[in-house]
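In what follows, a structure is listed as structure tokens, so that the remarks can point back to it.
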Amino acid sequence: MLSSEIRSLFIRYFKEREHTEVPSSPLVPQGDPSLICTNAGMVQFKSTFLGEEKRPYVRAVSSQKCMRAGGKHNDLDQVGKTARHHTFFEMLGNFSFGDYFKKEAISFAWELVTDVFHLQKERLWITVYQDDDEAESLWKRYMPKERILRLGAKDNFWQMGETGPCGPCSEIFIDQGETLHANCPGIGFCDCDRYIEIWNLVFMQYNKSLAGTTSLPNPSIDTGMGLERMTAVCQGVTSNYKTDLFAPIFGAIAQSIGRSIDETIDMMPARVVADHLRAMTFLI
Ligand code: GLY
């Protein structure tokens with residue numbers, strides 16, 4: 001499946017469920033001094049979550065261009081070292097502004113990954129915030145308890161930055177197999193490429209400000225699926241750099257240094273160049 005098909009399937013799935021498609025906002029947030037770059041799909045909806053802006057819809061879907069090269073969500077130091085971190089990437093997301101909450105968000109996510117993208121259930125793992133009994137019991141409709149892990153705030157409480165909307169979250173991981181790390185201690189204990197997070201469902205409930213934390217006017221949903229990671233999974237490769245999204249870039253880098261494409265993808269500096277070329281292109 002091509003990356004463009006994955007993007008279209010995601011957007012179509014949610015449009016068929018009454019979500020309004022909203023175009024990606026610019027990489028430089030408009031009128032939000034708390035961020036240098038857009039780091040998630042929810043950034044353009046911040047004031048809607050906060051109840052400061054009313055939109056003519058309560059459900060949205062988008063494919064948002066994101067940059068994580070500084071601030072709270074900073075993947076810069078990982079780029080090139082792992083097969084899955086980037087400065088620039090695309091985040092697919094569905095949003096509810098005071099409309100549906102955990103139950104529907106989890107049902108949508110499960111149906112999409114298993115019935116539309118056909119990921120094998122046996123390879124999937126779920127994490128929930130340590131106190132979130134409700135999310136765990138909702139996931140138990142689909143997954144055995146042993147594959148639903150409870151983790152702390154570092155892994156399962158999401159916030160856009162030092163301030164802004166935030167809440168406990170639940171993540172969907174896929175096991176890419178023992179060949180990547182036979183004795184991997186598992187999700188939350190190892191940062192290798194074996195178990196990769198493909199989708200984060202945030203149960204938006206709070207707003208953090210310099211004065212403290214308050215409840216949002218309505219519980220809401222914000223999700224983020226990495227297009228590059230989902231493309232790798234659907235294309236049966238264990239590196240984002242081996243997907244169609246990066247193929248033309250590695251073709252050009254390989255040609256310019258006189259190596260094969262496979263050799264080039266194995267070179268950490270070439271992966272950094274490929275990542276940064278995309279980032280700079282979209283920033284410009
Ligand atoms: N806003 C959800 C995420 O970035 O994972």
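Read the numbers this way: they start at 1 and go in the same order the structure lists the ligands and their atoms.
Counting Ile, Leu, Val, Met, Phe, Trp and Tyr side chains that sit under 4.5 Å apart, directly or through other members, Met42 shares a hydrophobic cluster with Val22, Leu35, Val43, Phe45, Phe49, Leu50, Tyr57, Phe95, Phe97, Trp158, Met160, Val202, Met204, Leu216.
Residue-to-ligand polar distances keep Asn39 apart from ligand 1: every N/O pair is separated by 3.5 Å or more.
Relative orientation of the Trp125 and Tyr195 rings is perpendicular, given thresholds of 30° and 60° on the angle between their planes.
A salt bridge links Glu136 with Arg150: the distance from a Lys NZ or Arg NE/NH1/NH2 to an Asp or Glu carboxylate oxygen falls below 4.0 Å. Ion pair Arg7/Glu5 not flagged as a salt bridge, since none of the NZ, NE, NH1 or NH2 atoms sits closer than 4.0 Å to an Asp/Glu carboxylate oxygen.
Residue His86 comes nearest to Asp75 through the heavy atom pair O-CB, 3.7 Å, listed as atom of the first residue, atom of the second, then distance. Closest of all the heavy-atom pairs between Ser63 and Ser24 is O-CB, 3.2 Å.
Of all atoms in ligand 1, listed by their number and element, those nearer than 4.0 Å to a heavy atom of Ala40 are 1 (N), 4 (O). Ligand 1 places these atoms under 4.0 Å from at least one heavy atom of Val202: 2 (C).
Neither the backbone nor the side chain of Glu197 comes within contact range of ligand 1; no heavy atom lies under 4.0 Å. When non-hydrogen atoms are compared, ligand 1 lies under 4.0 Å from the side chain of Met91 (C-beta onward) but not from its backbone.
For atom 1 (N) of ligand 1, the nearest non-hydrogen atom of the protein is Asp222 OD2, 2.8 Å. The closest protein non-hydrogen atom to atom 4 (O) of ligand 1 is Arg68 NH2, 2.9 Å. Looking at atom 5 (O) of ligand 1, its nearest protein heavy atom turns out to be Asn200 ND2, 3.0 Å.
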